[in-house]
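Data first, discussion second: the structure below is written as C-alpha cells.
Along the sequence shown, residues are numbered consecutively beginning with 1.
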Amino acid sequence: MKIAMLGGSFNPIHIGHLILADSVCRTLGYDKILFVPTATPPHKELSCSLSALDRLEMTRLAIMGDERFEAEPCEIERGGISYTWDTICYLEKKYASVLEGKIGLIFGEDLLPDYDKWEKSGELAKKADLILACRPHDTGLKEKYQNLPTEKYGKSPMIGVTRENFPYPHKIVENPKMEISSSEIRQKIAEGGAWRYLVSERVFEYIKERKLYAK
C-alpha cells in the first residue's frame with residue numbers, strides 16, 4: 001500500500017486540503033492519505049487556536065465517507081512540539097506490514113524556503129518521499145488571523161526556491177491551486193463573511209454549533 005501523510009494545524013480543515021489529498025491519490029497513485037493534525041507546530045504560533053481535539057474532530061468529520069483518507073492522531077497523542085521527523089518514523093513502524101516504499105510527505109510550496117529549518121531536514125528527505133504541492137500565499141489578511149512564524153532555530157530561509165529547483169529529491173503534484181486558506185476562513189467567520197462552501201458540510205455544522213472562531 002502506498003501511503004502519504006498530510007500534516008497541518010487544520011484550523012479549520014477545508015476543501016483545499018481534501019482536493020490536494022485526492023490529487024495525490026489520483027495523479028501519483030497513493031492508496032491512503034493520513035491527515036495528521038499537529039499538536040504544537042515548531043515554526044509558527046497558531047492564530048485563533050482551538051483545542052487539539054476540536055481540530056482532530058473536524059478532520060475526522062471532513063474525511064468521513066472516503067476510505068482513502070484517515071485521521072491520524074499520533075502528534076496530538078504524543079503532545080508537545082510536533083516534529084515531522086518523529087511522525088514519519090512512527091508511521092513507518094505502524095504501517096510496516098503493509099507499506100509499499102517510503103511514506104509520502106505532502107506539503108505546500110509556501111513552506112519550501114524554510115524547509116532547512118525543519119528537524120533533521122536532510123535525513124527526512126531520504127527517509128520520506130517529499131511531495132510538493134501548489135499552495136497560495138495568504139494575502140490581505142489581518143495579522144490576528146494569521147499564523148505568526150517563530151524564529152527560534154537560527155537558520156536563514158532558502159531564497160528563490162521553487163518546486164522545480166528545490167535542492168532535495170522530491171515529487172511534484174499538480175493539484176488545483178485553490179485560493180483558500182484556513183486563515184482566510186477564520187477571518188471570514190469572525191467578520192461575518194461568506195465561508196459556507198469553503199469547508200465540508202459536517203465541518204460547517206460543527207463550527208456553527210460550537211460558535212468556533214466567532215468574535
Which side-chain N or O atoms in residues 200-210 pair as donor and acceptor under 3.5 Å with protein atoms at least two apart or in another chain?
from   : atom 1 : to     : atom 2 : distance (Å)
Ser200 : OG     : Val203 : N      : 3.4
Tyr206 : OH     : Asp54  : OD1    : 2.5

Enumerate, atom names and distances included, each donor-acceptor pair closer than 3.5 Å involving a side-chain atom of residues 96-107, sequence neighbours excluded.
from   : atom 1 : to     : atom 2 : distance (Å)
Lys102 : NZ     : Lys126 : O      : 2.7

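Applying the side chain to side chain donor-acceptor pair (under 3.5 Å) criterion to Lys94, with sequence neighbours excluded, gives Glu72. Partners of Phe166 according to the ring pair (Phe, Tyr, Trp, His ring centres under 6.0 Å) rule, which considers only residues two or more places apart in sequence or in another chain, are Tyr115, Tyr168, His170. Applying the side chain to side chain donor-acceptor pair (under 3.5 Å) criterion to Thr84, with sequence neighbours excluded, gives no partner residue. The side chain to side chain donor-acceptor pair (under 3.5 Å) check on Glu92 picks up Lys127, with sequence neighbours excluded. Annotation: ring pair (Phe, Tyr, Trp, His ring centres under 6.0 Å) contacts of His14 (sequence neighbours excluded): His17. For Glu70, the salt bridge (charged side-chain N to carboxylate O under 4.0 Å, His left out) partners at least two apart in sequence or on another chain are Lys32. For Arg163, the side chain to side chain donor-acceptor pair (under 3.5 Å) partners two or more places apart in sequence, or in a different chain, are Glu174. For the salt bridge (charged side-chain N to carboxylate O under 4.0 Å, His left out) test, no residue two or more places apart in sequence or in another chain qualifies with Asp31.
Nearest heavy atom pair, residue Gly160 against residue Asn165, reads O-ND2, 3.3 Å. When all heavy atoms of Ile131 and Ala4 are compared, the closest pair comes out as CD1-CB, 4.3 Å. When every heavy atom of Val36 is checked against every heavy atom of Cys74, the shortest pair comes out as CG1-SG, 4.2 Å.
Taking hydrophobic clusters as Ile, Leu, Val, Met, Phe, Trp and Tyr residues chained together by side-chain heavy-atom distances below 4.5 Å, Met58 does not share a cluster with Leu56.
Atom OG1 of Thr59 and atom CZ of Phe35 lie 8.0 Å apart (nearest 0.5 Å). Note that the CG atom of Asp129 and the CD1 atom of Ile88 stand 9.5 Å from one another [nearest 0.5 Å]. Interatomic distance, CH2 of Trp195 versus CD1 of Ile189, reported as 4.0 Å (0.5 Å rounding).
Tyr197 belongs to no hydrophobic cluster, as no Ile, Leu, Val, Met, Phe, Trp or Tyr side chain comes under 4.5 Å of its own. Other members of a hydrophobic cluster containing Ile172 are absent, since no ILVMFWY side chain comes under 4.5 Å of it, directly or through relayed contacts.
Counting only heavy atoms from C-beta outward, the side chains of Ile63 and Arg68 never approach each other to under 4.5 Å. Considering only heavy atoms from C-beta on, Leu212 comes within 4.5 Å of Leu50 through its side chain. With contacts defined as side-chain heavy-atom distances shorter than 4.5 Å, the pair Pro37/Glu75 does not qualify. Side-chain contact between Thr87 and Ser82 is absent, with no heavy-atom pair separated by less than 4.5 Å. Glu119 has its side chain out of reach of Asp86: every pair of non-hydrogen atoms, C-beta onward, lies at least 4.5 Å apart. Within the 4.5 Å cutoff, the side chain of Pro12 has heavy atoms near those of the Arg186 side chain.
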For side-chain contact (heavy atoms from CB on, under 4.5 Å), just list the numbers for Ile19 and Asn175, CA-CA rounded to whole Å, side-chain angles, deciding distance to a tenth of an Å, and then say yes or no. CA-CA 7 Å; Ile19 291 170; Asn175 57 298; 5.5 Å; no
Please report the C-alpha distance between Ile180 and Ile185 in whole Å, then the side-chain angles of each, then the deciding distance to 0.1 Å, and finally whether the side-chain contact (heavy atoms from CB on, under 4.5 Å) criterion is met. CA-CA 8 Å; Ile180 174 178; Ile185 293 171; 4.1 Å; yes
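For Glu164, the CD atom counts as densely surrounded, since its 6.0 Å shell holds more than 12 non-hydrogen atoms of other residues, nucleotides or ligands. Within a 6.0 Å sphere centred on CZ of Arg26, heavy atoms belonging to other residues, nucleotides or ligands number 12 at most.
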